[in-house]
Amino acid sequence: MKQAVLVGIFIFAGWLAMFFGLQGQGSTLFDLRALPIVFGTIFFRDPRLVLIISIGIALLRYTISGFTAQAITGSINILLLGCLAAFLVALYRRKSWSYNKKALISICSINTLQVIGIATFASMPRLNYLYHIAPYTYPAALLVNAFFVFILKDFYEEQLRAQKNKTMNLILRKQKRELEEKAQQLELASQYKSEFIANMSHELKTPLNSIIALSQLLREEDRSSYSEEEINYGDIIHNSGNELLKMINDMLDISKMETGKMEIVWEMFSVDELVQLIEHQFVPIMEQKSLPFKVDLRADVPAYFVSDAQRLVQILRNLLINAVKFTDQGTITMQIYMDKDSQSGPNTLQKSEDWIIFSIQDTGIGIDKDKQHLIFEAFQQENGAFTRRYGGTGLGLSISLRLAGLLGGTLGLHSVKGEGSRFTLRLPVQPADPPIDNHPKML
């Protein structure tokens, strides 16, 4: 619409310019009808628009003196100027020339062709025009055209900026639509993946629970009726089933977190019972590797605090399993103490400055500094050799980090290669306004 208005203005300006000029012997010797065509070569990037301007001016030429021979030759001259202007526009589209260079080429070439047209089609003697009139009208036309063209330079540059902004906006809108479509596709694919994992996990857990239950019954029966080899087979079935069940549960947890369906149950529970549960589960495991397990529960730790006991135990279990897995000699220590440091980071679950810290330190193989950020990503370990040697899916730390965030806290790591690792879980003693069961829970 804007370009159509500009084309109309240029045509009207060319028609208006024909009323003012120098006449001689029935012919127009000098006027500014070519000026709109010169402007068109600079302002428009479509050659067709310049042709439309020249055709419009040529047609309006007949409204001045009717269908006379002078009007016909004048129209032909204007159409020739339009063809040259269209050629120049097409040329400028392929060249990254400056405004000044394009203006000079258009002014000189179009006005030169106009002089040739007047000399060719005018009714006055050609030599008389070329030797006595053109030496004055041609420089005058160049100067007047240059005056107006360079006055409108700021307008042209503003038009150019507006065109660039319009183009950029179109590109940005297109990219935004493409990004939104891709985001929707990724979200849908993630949803399908999570639903598939959840459905498959539930389908696998049903027969797996039966296998674990039956293997447990075999272990609890009188072992005197079985050979040592059969007892070992039963233990392998039971332990492998439990490992597979843990992997399936980890996959379910990742699926719930990705879809935002992980539920946190806030409750008050005993720290002493938590310690007893951890010791009961891990002391026998560490004794198999001859690893001392030390628990340092500081006196300033409250007897009870509020969190999701099941998820807290899951985090600590993941951290201790890794400590046992990657430690062959030395000691594994779990420290529980208070920290009143207020520098906890922005967390909507923070209520006070009282934080309970669970620190698990081992003397294992440690982690390279440049690989420490990788181990918190899903399905990642420090390198592929660890997966083959130590096993595991690489989900434990990723799940633990996300659970720590859901509980209103953080999970940090300090590790030195060859010396060991220390994972620090930092949780608020009293999260902000969770629905709490005030009755202490038995673990």
Side-chain angles (χ1 to χ4, degrees), residues 1-18 31-61 75 77-114 117 141-191:
M1 182 63 185
K2 187 176 180 180
Q3 285 190 335
V5 173
L6 282 175
V7 168
I9 292 173
F10 280 27
I11 293 174
F12 176 76
W15 173 75
L16 193 64
M18 287 186 286
D31 62 24
L32 298 178
R33 73 183 72 179
L35 185 58
I37 299 176
V38 173
F39 283 151
T41 63
I42 301 172
F43 285 97
F44 297 109
R45 293 181 59 82
D46 188 347
R48 294 173 298 181
L49 297 179
V50 183
L51 284 174
I52 291 172
I53 292 172
S54 64
I55 292 171
I57 297 174
L59 292 175
L60 289 177
R61 174 66 181 83
S75 298
N77 193 20
I78 293 171
L79 290 175
L80 290 175
L81 297 180
C83 293
L84 174 60
F87 168 77
L88 292 176
V89 171
L91 177 65
Y92 296 158
R93 288 176 62 177
R94 297 194 298 269
K95 306 291 185 179
S96 57
W97 290 340
S98 66
Y99 176 89
N100 293 342
K101 185 173 182 178
K102 291 189 289 186
L104 288 173
I105 293 174
S106 296
I107 291 171
C108 293
S109 59
I110 290 176
N111 280 279
T112 300
L113 182 61
Q114 186 178 27
L142 294 178
L143 290 174
V144 173
N145 276 254
F147 175 76
F148 283 106
V149 167
F150 287 104
I151 280 180
L152 294 178
K153 180 180 180 181
D154 291 339
F155 175 74
Y156 166 78
E157 291 178 347
E158 182 63 30
Q159 290 292 110
L160 197 61
R161 284 193 293 268
Q163 184 64 32
K164 287 182 178 178
N165 290 336
K166 181 179 178 181
T167 304
M168 288 301 299
N169 288 333
L170 291 174
I171 293 173
L172 290 175
R173 281 198 291 269
K174 181 180 178 181
Q175 291 177 342
K176 182 181 177 182
R177 286 195 301 269
E178 290 175 352
L179 288 174
E180 288 175 349
E181 290 175 359
K182 289 181 179 179
Q184 291 176 355
Q185 293 173 0
L186 288 173
E187 183 178 356
L188 190 61
S190 178
Q191 180 181 348

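When reading the values below, keep in mind they use all heavy atoms of this one structure, side chains included, and skip hydrogens, waters and symmetry mates.
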Between [X] and [Y], is any pair of side-chain heavy atoms under 4.5 Å apart?
{"X": "Ile37", "Y": "Ile78", "result": "yes"}
{"X": "Leu170", "Y": "Arg173", "result": "yes"}
{"X": "Val89", "Y": "Asp46", "result": "no"}

Side-chain donor-acceptor pairs under 3.5 Å in residues 94-103, sequence neighbours left out?
{"unit_1": "Ser98", "atom_1": "OG", "unit_2": "Lys101", "atom_2": "N", "d": "3.3"}
{"unit_1": "Tyr99", "atom_1": "OH", "unit_2": "Val149", "atom_2": "O", "d": "2.5"}
{"unit_1": "Lys102", "atom_1": "NZ", "unit_2": "Tyr156", "atom_2": "OH", "d": "3.1"}

What is the distance from atom [atom1] of [X] to atom [atom2] of [Y], rounded to the nearest 0.5 Å?
{"X": "Phe148", "Y": "Ile107", "atom1": "CZ", "atom2": "CD1", "answer": "11.5 Å"}
{"X": "Leu49", "Y": "Leu6", "atom1": "CG", "atom2": "CG", "answer": "9.5 Å"}
{"X": "Leu59", "Y": "Ser54", "atom1": "CG", "atom2": "OG", "answer": "9.5 Å"}
{"X": "Leu79", "Y": "Leu51", "atom1": "CG", "atom2": "CG", "answer": "9.0 Å"}
{"X": "Gln114", "Y": "Leu35", "atom1": "CD", "atom2": "CG", "answer": "10.0 Å"}
{"X": "Glu178", "Y": "Glu181", "atom1": "CD", "atom2": "CD", "answer": "7.0 Å"}

List the atom pairs, donor and acceptor, that lie under 3.5 Å between side-chain atoms in residues 81-88 and the rest of the protein, sequence neighbours left out.
none

Show the nearest heavy-atom pair for residues [X] and [Y], with the distance to one decimal.
{"X": "Arg45", "Y": "Arg93", "value": "O-CD, 2.7 Å"}
{"X": "Ala58", "Y": "Ser75", "value": "O-OG, 3.0 Å"}
{"X": "Ala34", "Y": "Ile110", "value": "CB-CG2, 4.1 Å"}
{"X": "Asn145", "Y": "Ala141", "value": "ND2-O, 2.6 Å"}
{"X": "Gly56", "Y": "Ile11", "value": "C-CG2, 3.8 Å"}

**Item:** Identified side chain to side chain contact (heavy atoms under 4.5 Å, CB included) partner of Pro36 from the options Phe43, Phe10, Phe12
**Value:** Phe10
**Asked** Given the rule in the side-chain contact (heavy atoms from CB on, under 4.5 Å) test, do Phe39 and Ile53 qualify, once you have shown the distances and angles that lead to the verdict?
**Response** CA-CA 10 Å; Phe39 283 151; Ile53 292 172; over 6 Å; no
